[in-house]
Amino acid sequence: MTMNDDTGVPAAVFALKPEWADLILSGAKTVEIRRSRMSRMIGRMLIYRTGTGLIVGEARVKGMHAAPPETIWREYGTASRIPQNLFDEYAKGTDRLYAYRLERPVRYGKPKTLSDIGLKRAPQSWCYLPETGPAGPEPASDHPAEARRLLTAAADQWELHRFTTRDNGMAARDISRMFGGLLARIGEYGKGNTLGKA
C-alpha cells in the first residue's frame, strides 16, 4: 500500500518497538501514549520500527487528549494495548500524559529509509517530519478531497486549542465529535456514496 493522501498535513516520526508498530499497522492499537508534549498538533504519524532503520508505515492522527495518567488509562488503556503494569511504570513520576488517537493505518509496501524522508538520524522518541514540497498549495480540482483537507486542518486546529487550554468540557467535546462526523461523511462521499441523492 502507499502513503495516505495527506502529504500536506503536519507529520511526525515516532520510534516504536516492533510489537507496537505492528499492532498499530494491523489496526489493533488505536492509541499511542506519550509523556512528552508536542509544541504543535500533527495529523500524521510515521512509524519508525526500531532496530530496522526503516519507516514501515503511517497512521492518521485524528486527535490528541492530554490528561492525568489515571484519566488516560481509564479512557484509552484498552485501545493502547499496553498492560497496566507497563503503563503504571511508564507513567511513574509524571502528572500528565498525551494520548494520540489513530485511524487509517497504512503499512508501506516498500519501507522508507530515514534519508528518504529527510532525516539524518533516528528519533529517540519522536521528531517532526521535515517540511517538503511546494511553498504554496496547488489549485484544487478534486473538490471533496480539498474540502476534507481543509476540514482536517480546521479539526487539527480545534484539537490544538483544546490541548493548549486543557478544555475537556462538554461543548469542546461536542465540537470535536462534529468535526469527526463531518470528516467521516466526506470520506464516505469520496468512496463513491451518493449523499443527498435518491
Undergrad: Just wondering, do Arg34 and Phe14 contact through their side chains at under 4.5 Å, heavy atoms?
TA: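 They are in side-chain contact.
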Undergrad: What distance separates Asp174 CG from Met170 CE, expressed to the nearest 0.5 Å?
TA: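 One gets 7.0 Å once the value is rounded to the nearest 0.5 Å.
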Undergrad: Is there a side-chain contact between Leu114 and Asp116, using heavy atoms and a 4.5 Å cut-off?
TA: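 No, every pair of side-chain atoms sits at 4.5 Å or beyond.
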Undergrad: Under 4.5 Å between any side-chain heavy atoms of Thr50 and Leu16, yes or no?
TA: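 In short, these two side chains do not touch, never coming nearer than 4.5 Å.
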Undergrad: Can you tell me if CD on Glu70 sees more than 12 non-hydrogen neighbours from other groups inside 6.0 Å?
TA: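 Correct, the count exceeds 12.
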Undergrad: With sequence neighbours excluded, what pairs up with Thr52 under the side-chain contact (heavy atoms from CB on, under 4.5 Å) test?
TA: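 side-chain contact (heavy atoms from CB on, under 4.5 Å) list for Thr52, sorted by chain: Arg49, Leu54.
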Undergrad: Any side-chain heavy atom of Tyr108 sitting closer than 4.5 Å to one from Glu58?
TA: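 Heavy-atom side-chain distance check passes, below 4.5 Å.
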Undergrad: Find out whether Pro10 and Arg44 are in side-chain contact, i.e. whether some heavy atom of one side chain is under 4.5 Å from a heavy atom of the other.
TA: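 Answer no - side chains too far apart.
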Undergrad: Using side chain to side chain contact (heavy atoms under 4.5 Å, CB included), reason through Ile117 and Ile55 one step at a time and then give a plain yes or no.
TA: CA-CA 9 Å; Ile117 61 170; Ile55 313 295; 3.8 Å; yes
Undergrad: Which is it for Asp22 and Arg107 under the salt bridge (charged side-chain N to carboxylate O under 4.0 Å, His left out) test, yes or no, and what are the steps along the way?
TA: CA-CA 9 Å; Asp22 290 342; Arg107 186 185 295 272; 3.6 Å; yes
Undergrad: What's the separation between atom OH in Tyr90 and atom CG in Leu97, rounded to the nearest 0.5 Å?
TA: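 Between Tyr90 OH and Leu97 CG, I get 7.0 Å after rounding to 0.5 Å.
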Undergrad: With side chain to side chain contact (heavy atoms under 4.5 Å, CB included) as the test, would you mind laying out the steps for His65 and Asn168 before giving the verdict?
TA: CA-CA 9 Å; His65 186 185; Asn168 197 37; 3.7 Å; yes
Undergrad: Just so I know, are the side chains of Asp95 and Pro68 near enough to count as touching, which here means a heavy-atom distance under 4.5 Å?
TA: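 No. Closest side-chain heavy atoms not under 4.5 Å.
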Undergrad: Closest approach of Leu102 and Lys62, non-hydrogen atoms and distance?
TA: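 Heavy atoms only, the tightest pair is O-CE, 4.2 Å.
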Undergrad: A quick test of your reading: do over 12 heavy atoms of other residues, nucleotides or ligands sit less than 6.0 Å from CZ of Arg121?
TA: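 Open: at most 12 neighbouring heavy atoms sit under 6.0 Å from CZ of Arg121.
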Undergrad: Who passes side-chain contact (heavy atoms from CB on, under 4.5 Å) against Thr165, sequence neighbours left out?
TA: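 Once residues adjacent in sequence are excluded, the partners of Thr165 under the side-chain contact (heavy atoms from CB on, under 4.5 Å) criterion are His161, Asp167.
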Undergrad: Any pair with a residue in residues 75-94 that passes salt bridge (charged side-chain N to carboxylate O under 4.0 Å, His left out), sequence neighbours left out, goes on the list, sorted by first then second residue, please.
TA: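 Those involving residues 75-94 are Glu89-Lys92.
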Undergrad: Can you tell me how far the CE atom of Met64 sits from the OG atom of Ser176, to the nearest 0.5 Å?
TA: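 One finds 11.0 Å between CE of Met64 and OG of Ser176.
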Undergrad: Quick check against the 3.5 Å criterion: does Ser80 have a side-chain atom that pairs as donor or acceptor with the backbone of Gly77?
TA: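 Looks like yes, one N/O pair under 3.5 Å.
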Undergrad: Any heavy-atom pair between the side chains of Leu46 and Leu129 that's under 4.5 Å?
TA: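 Result yes, sub-4.5 Å side-chain heavy-atom pair found.
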Undergrad: Carefully, step by step, assess Ile186 and Leu151 under the rule side chain to side chain contact (heavy atoms under 4.5 Å, CB included).
TA: CA-CA 10 Å; Ile186 292 174; Leu151 186 59; 3.9 Å; yes
Undergrad: What are the two closest non-hydrogen atoms of Ser26 and Leu23, and how far apart are they?
TA: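 Heavy atoms only, the tightest pair is OG-O, 2.9 Å.
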Undergrad: Check whether any side-chain heavy atom of Ile42 sits under 4.5 Å from a side-chain heavy atom of Tyr128, and report yes or no.
TA: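 Heavy-atom side-chain distance check passes, below 4.5 Å.
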Undergrad: Under a plain distance cut-off of 3.5 Å, with no hydrogens placed, do Glu32 and Tyr98 share a side-chain donor-acceptor pair?
TA: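 Side chains of Tyr98 and Glu32: no pair found under 3.5 Å.
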Undergrad: Name the orientation class of the two ring planes belonging to Trp73 and Phe87 (parallel below 30°, tilted from 30 to 60°, perpendicular beyond 60°).
TA: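 The rings of Trp73 and Phe87 sit tilted, inter-plane angle from 30° to 60°.
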Undergrad: So which atom in Tyr48 and which in Ala122 form the shortest heavy-atom distance, rounded to 0.1 Å?
TA: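 Looks like OH-CB, 3.4 Å.
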Undergrad: What heavy-atom pair brings Ala15 and Pro123 nearest, and what distance separates the two atoms?
TA: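 For Ala15 versus Pro123, the nearest heavy atoms are CB-O, 3.5 Å.
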Undergrad: What pair of heavy atoms forms the shortest contact from Pro69 to Ala91, and how long is it?
TA: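 That closest heavy-atom pairing would be CB-CB, 3.9 Å.
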Undergrad: Okay, side chain of Lys29, backbone of Val31: is any donor-acceptor separation there less than 3.5 Å?
TA: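 It does hold such a pair.
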Undergrad: Between Glu103 and Arg101, is there a salt bridge with N-O shorter than 4.0 Å?
TA: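 Glu103 and Arg101: not salt-bridged.
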